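Because the structure is predicted, anything quoted here is derived from the model rather than measured. Just so it is clear: chains get the letters A, B, ... in the order the sequence lines come, proteins before strands, and each one is counted from 1.
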Protein chains: 2
Amino acid sequence: MAEADRSTFIVADDHPLFREALIHAVHNCVPDAEVLEAESLATLYDVVESNPDADLLFLDLNMPGVSGFSALAYMRNNHGSMPTVIVSAVDDPAVIRRAIHHGASGFIPKSSPVRMIEAAIESILQGEVWLPENVELSGGGLDSEEARVAAAMSSLTPHQFRVLMMLGEGLLNKQIAYVLGVSEATIKAHVTAILRKMNVTNRTQAVLAVQRLNAQDAVLVE
Amino acid sequence: MAEADRSTFIVADDHPLFREALIHAVHNCVPDAEVLEAESLATLYDVVESNPDADLLFLDLNMPGVSGFSALAYMRNNHGSMPTVIVSAVDDPAVIRRAIHHGASGFIPKSSPVRMIEAAIESILQGEVWLPENVELSGGGLDSEEARVAAAMSSLTPHQFRVLMMLGEGLLNKQIAYVLGVSEATIKAHVTAILRKMNVTNRTQAVLAVQRLNAQDAVLVE
DNA sequence: GCCCTGATTCGACTTTTGGCTAATGGCAAC
DNA sequence: GTTGCCATTAGCCAAAAGTCGAATCAGGGC
């Protein structure tokens, strides 16, 4: 579907108005750009999978289905070549730093003025990493525990990742099986694989690990 | 154990240095005060239970065993007459507001200068609610969902609360039984009661509800 | 083509969970 | 004392969770 001669952008954000604003900014930078939208994690999967060659993904850090860095870890693993910019209402420097360490190509606070967003797009399209003013990537990398969890999540297959996200909503295997249209036995197999890769012994622990990864405060991370 | 003629204070914080500083401040305000310490949730249970008439509890919002407002909800329920001051490195006004709405008698940022901490202690001992400068309790109360979860947790018995906290560490019923020195059947009975009170259908959902209550960022709360 | 790897799928089996009943003892309020 | 509520436990049962082994399928390398 993705045409080779047109730039393709994907905007993943659950807020329609902000999506629109972002699309507008993109068109100002690249007039003939094709812009696809995703308002949830589920649609993001589809859009990304059917457009694996998109030039840039704008990803809200706080979408229904995943909060935080889980979706970023997913993109990093399954579509590592697609640059991903985090767009977020949060502007805590620690969060920004973690986003970059998790592989984001940039970070755009939702409070940014339009022309700054456009400048960010230009910059990132040239392969640079864009950060808000006054933010520096000082200090070392991620917390070792956080890096471990992120690495584990990156090793998950797409199906396993989707199952893990649904575990994080407190769904039963049976419910997940129904949503994904497969048998419960299949989901159990996925769960077992997830537990092994994440080095935990039950689903509750897996969910907790994801929650810690996604936390955007100093408390659970620390 | 608590003597009627001496003021008793409890300092619950996992950071020894800060505990010491706090104790020092207390002694400056009330020279003959008896000050008890707790460095974890487990010891806090014991200290509070054996000193139910303490005059004031200093509670770190981020202790090993519980992060966030769970411990506050516990105190509110089981020792409602004991004033509890939240002490925290976080100074987000939203967090402060939520702490007060969850029944705290005050909020002391860890960054406060000593004399301000002493002023806070004086003020709270007089029955007033103490807040950092520049913070107002504007607007309404808690998010309805958050209030619902807090109310549910407040309805838990002490044992049920401890079991819930251990569920939040991903432990099996068998493991919880071993730690608490009771049979697994007892834990199952507690878990069933917890699920009913919290209006969820399985332990993972119960854990998620606690996580949302404890979250100190805008993401999970929103 | 053929082989190999890994993802996905699934059924059979074991363990853990959770609901229900029932019985015991302690403790506090009425 | 009686009436609750809580904590404790057992036993039973159904459902859910988790493990194992195996079949199928797709893609890449030879």
Report the distance from atom [atom1] of [X] to atom [atom2] of [N], rounded to the nearest whole Å.
| X | N | atom1 | atom2 | value |
| --- | --- | --- | --- | --- |
| A:L180 | C:dA7 | CG | C1' | 15 Å |
| B:L195 | C:dC20 | CG | P | 11 Å |
| B:R162 | D:dA7 | CZ | P | 12 Å |
| B:I187 | D:dT9 | CD1 | P | 8 Å |
| A:Q160 | C:dG6 | CD | P | 13 Å |
| A:Q205 | D:dA17 | CD | P | 15 Å |
| B:I176 | D:dA7 | CD1 | P | 15 Å |
| B:L156 | D:dC6 | CG | C1' | 13 Å |

Has [X] got a side-chain N or O lying under 4.0 Å from the OP1 or OP2 atom of [N]?
| X | N | result |
| --- | --- | --- |
| A:T186 | C:dT8 | no |
| B:N173 | C:dT16 | no |
| A:H190 | C:dT9 | yes |
| B:T192 | C:dG19 | yes |

Whichever of A:G181 and A:N202 has its nearest DNA chain C nucleotide further upstream toward 5' |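 Per heavy-atom nearest nucleotide, the more 5' residue is A:G181.
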
B:F161 vs B:Y45 aromatic rings, parallel, tilted or perpendicular, using cut-offs 30° and 60°?
->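 Correct class here is perpendicular.
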
What is the nucleic acid contact for A:A189, judged by heavy atoms within less than 4.0 Å: base, sugar-phosphate only, or nothing?
->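 Touches a base.
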
Separation of B:L208 CG from B:R203 CZ (nearest 0.5 Å) =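 These two atoms lie 13.0 Å from each other.
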
Between [options], which nucleotide gets closest to the side-chain atoms of [X]?
| X | options | result |
| --- | --- | --- |
| B:L172 | D:dT9, C:dT16, D:dA7 | C:dT16 |
| A:P158 | C:dT8, C:dG11, D:dA7 | C:dT8 |
| A:R196 | D:dC20, D:dA7, C:dT17 | D:dC20 |
| B:E184 | D:dG18, C:dT17, D:dT8 | C:dT17 |
| A:T157 | C:dT8, D:dA10, C:dG11 | C:dT8 |
| B:V191 | C:dG18, C:dT16, D:dT8 | C:dG18 |
| A:S183 | D:dA16, C:dC10, D:dC12 | C:dC10 |
| B:K174 | C:dT16, C:dC10, D:dA7 | C:dT16 |
| B:K188 | D:dT8, D:dT19, D:dC12 | D:dC12 |
| A:A185 | C:dC10, D:dA7, D:dA17 | C:dC10 |

Less than 3.5 Å apart, any donor N or O on the side chain of [X] or [Y] sitting next to an acceptor on the other?
| X | Y | result |
| --- | --- | --- |
| B:T204 | A:T204 | yes |
| B:H102 | B:E146 | yes |
| A:N214 | A:S70 | yes |

Can you check whether A:D60 reaches A:M63 side chain to side chain, under 4.5 Å on heavy atoms?
->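 Yes, their side chains come closer than 4.5 Å.
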
